[in-house]
Amino acid sequence: MTATSLVQVKAVEPGVVRLTLNRPEQRNALSIALMEELCRAVQTIEKDASARVLILAGAGLSFCAGLDLKEAARDLELAEKGAQRVARVLKTIHQSRLVTIAAIHGAVMAGGAGLMSACDLVVAAQDTRIGYPEVRRGLVAGLVLHFLLRQVGDRMARQLLLTGESIMADEAARIGLINQVVPVDTQLTAALELARQVLKGAPQAIARTRQLIEELGPRDLNDDLQRALEHHMAARRSDEAKEGMAAFAQKREPVWHP
């Protein structure tokens, strides 16, 4: 295994590489440095012609708790840079030539749920809890919306985003947000088995199939991410965001004003 400070890279079988987010003490929160390293790792793996499948996992108790709010709260410039890096990492994964499989467990929140949804396939441990709590922080879950709308539809997307309530793995599978639910601590094994099934397919046929799925989709990723960044940053600059972030840091309920 080749380990870096924030991302671990391992060739698990011929054609299959696993990337593991490695900030377990912070529940793998998406810091700017982690996202930049993740993008570089994906781009490096893509240069290896023998690599066909990428498994994305998280170290510790959770897959990913979302954007590093402590880092983003330092100043508006860092918040904007963090949002831009989220958009970049989602594009890097979603548009990769590799078939991507998210092996998730524990908390999968906000940007972490976006990271999951940017992958082609998702295997979730039974203990997985997925949520989009941005509105409860005075923020807008814009960057994940492109994927969420395509995967669960308008009505369910509204419920998840407007309430901020999280759902467990079984419910996520029922609504089409993930592909498979497996016993706790078996998600990596299940993801590898799914990767083996992918490897049985012809590489160019799979590439053309993925391209066609994207082209026949109803929305353009670049346009959606640009609009999402605009709304995200407008919310980030608001008084609601200041109150929501303060309440989060102080572990209290926010006080909203009409």
Side-chain angles (χ1 to χ4, degrees), residues 18-21 23-24 26-31 34-35 38 54-69 72 82-83 86-87 89-90 93-94 100-191 194 221 224-225 228 232 244 248:
R18 184 170 72 227
L19 288 184
T20 303
L21 308 181
R23 295 185 77 205
Q26 292 80 29
R27 297 194 300 166
N28 299 314
L30 297 173
S31 65
L34 184 149
M35 289 186 284
L38 182 57
L54 174 66
I55 295 174
L56 184 62
L61 299 177
S62 293
F63 172 71
C64 179
L67 188 65
D68 189 333
L69 293 181
V86 172
V89 78
L90 295 182
I93 290 173
H94 189 65
T100 50
I101 303 173
I104 63 175
H105 70 292
V108 184
M109 296 289 143
L115 201 60
M116 166 202 79
S117 290
C119 293
D120 292 300
L121 302 165
V122 183
V123 176
Q126 192 78 46
D127 67 346
T128 301
R129 184 166 55 89
I130 301 170
Y132 305 85
E134 284 88 341
V135 292
R136 298 187 179 191
R137 312 278 184 259
L139 304 174
V140 173
L143 295 170
V144 304
L145 195 50
H146 170 89
F147 308 103
L148 190 61
L149 282 171
R150 292 185 64 165
Q151 290 162 7
V152 304
D154 182 276
R155 191 66 66 193
M156 186 55 66
R158 287 175 185 268
Q159 179 174 328
L160 292 170
L161 297 182
L162 298 181
T163 68
E165 288 283 351
S166 59
I167 58 175
M168 298 303 294
D170 286 338
E171 176 67 5
R174 187 188 70 80
I175 66 175
L177 187 56
I178 64 175
N179 298 95
Q180 186 178 358
V181 182
V182 297
V184 173
D185 294 331
T186 67
Q187 70 274 7
L188 292 177
T189 301
L194 196 55
L221 177 61
D224 279 1
L225 289 180
H232 177 87
F248 177 75

Query raised in the report: Can you tell me how far CD of Glu134 sits from CG of Leu162, rounded to the nearest 0.5 angstrom?
Result: 11.5 Å
Query - Any pair counted as ring-ring contact (aromatic ring centres under 6.0 Å, His included), so long as it reaches residues 111-142, sequence neighbours left out - result: none
Report task. For the pair Ser166 (side chain) and Gly131 (backbone), establish whether a donor and an acceptor sit closer than 3.5 Å, ignoring hydrogens and angles. Result -> no
Query raised in the report: Passes side chain to side chain contact (heavy atoms under 4.5 Å, CB included), Leu21 versus Leu115? Steps please.
Result: CA-CA 11 Å; Leu21 308 181; Leu115 201 60; 3.8 Å; yes
Report task. Provide the closest heavy-atom pair for Ala169 versus Val181 in the form atom of the first, atom of the second, distance. Result -> O-CG2, 3.6 Å
**Report entry** Ser62 side chain to Ala65 backbone, donor-acceptor under 3.5 Å
**Finding:** no
**Report entry** Atom pair CZ/CG of Phe248 and Leu69 - distance to nearest 0.5 Å
**Finding:** 5.0 Å
Report task. Taking side chain to side chain contact (heavy atoms under 4.5 Å, CB included) as the test, write out the residues that go with Val86, two or more places apart. Result -> Met35, Leu67, Leu90, Leu143
**Report entry** side chain to side chain contact (heavy atoms under 4.5 Å, CB included) assessment of Asp68 paired with Leu30
**Finding:** CA-CA 5 Å; Asp68 189 333; Leu30 297 173; 5.7 Å; no
Query raised in the report: His105 side chain to Gly60 main-chain N or O, any donor-acceptor pair under 3.5 Å?
Result: yes
Query raised in the report: What distance do Ile93 atom CD1 and Cys119 atom SG have between them, rounded to the nearest 0.5 Å?
Result: 5.5 Å
Report summary line: One should read off an interatomic distance between Cys64 SG and Arg27 CZ, to the nearest 0.5 angstrom, of 9.5 Å
Query - Exercise: identify the closest heavy-atom pair between Leu188 and Ala57 - result: CD2-CB, 3.7 Å
Report summary line: Heavy-atom nearest pair, Arg158 first then Asp154, reads NE-OD1, 2.6 Å
Report summary line: Here the ring-ring contact (aromatic ring centres under 6.0 Å, His included) pairs for residues 148-170, sequence neighbours left out, are none
Query raised in the report: Is any side-chain heavy atom of Leu56 closer than 4.5 Å to a side-chain heavy atom of Leu38?
Result: yes
Query raised in the report: Got a sec, which pairs hit salt bridge (charged side-chain N to carboxylate O under 4.0 Å, His left out) with one end in residues 102-118, sequence neighbours left out?
Result: none
Report task. Hey, could you give me each pair passing ring-ring contact (aromatic ring centres under 6.0 Å, His included) that has a residue in residues 166-189? Not counting sequence neighbours. Result -> none
Query raised in the report: Could you state the interatomic distance from CD (Gln26) to CG (Asn28), rounded to the nearest 0.5 Å?
Result: 8.5 Å
Report summary line: For Arg136, the side-chain hydrogen bond (donor to acceptor under 3.5 Å, both in side chains) test, sequence neighbours excluded, returns Glu165
**Report entry** Minimum heavy-atom distance between Gly114 and Val144, given as atom pair plus value
**Finding:** CA-CG1, 3.4 Å
**Report entry** Partner set under side-chain hydrogen bond (donor to acceptor under 3.5 Å, both in side chains) for Arg150, not counting sequence neighbours
**Finding:** Glu214
Query raised in the report: What heavy-atom pair brings Ala110 and Gly66 nearest, and what distance separates the two atoms?
Result: CB-CA, 4.4 Å
Report summary line: ring-ring contact (aromatic ring centres under 6.0 Å, His included) pairs touching residues 156-177, sequence neighbours excluded, are none
Report task. Kindly state each residue pair satisfying side chain to side chain donor-acceptor pair (under 3.5 Å) with at least one member in residues 116-128, sequence neighbours excluded. Result -> Thr100-Asp120, Ser117-Gln151, Asp120-Arg210, Gln126-Asp170
Report task. Take Met116 and Ile130 through the side chain to side chain contact (heavy atoms under 4.5 Å, CB included) test and state the conclusion after the steps. Result -> CA-CA 10 Å; Met116 166 202 79; Ile130 301 170; 3.8 Å; yes
Report task. With sequence neighbours excluded, tell me which residues meet side chain to side chain contact (heavy atoms under 4.5 Å, CB included) with Thr189. Result -> none
Query raised in the report: Would you find a donor on one side and an acceptor on the other, under 3.5 Å apart, between the side chain of Arg23 and the backbone of Ala29?
Result: yes
Residues 172-180, side-chain donor-acceptor partners within the protein, below 3.5 Å, at least two apart:
from: Arg174; atom 1: NE; to: Glu171; atom 2: OE1; distance (Å): 2.9
from: Arg174; atom 1: NH2; to: Glu171; atom 2: OE2; distance (Å): 2.8
from: Asn179; atom 1: OD1; to: Val122; atom 2: N; distance (Å): 2.7

**Report entry** Side-chain heavy-atom pair Leu19, Leu54 within 4.5 angstrom cut-off
**Finding:** yes
Query - Set of ring-ring contact (aromatic ring centres under 6.0 Å, His included) partners for Phe147, sequence neighbours left out - result: His94
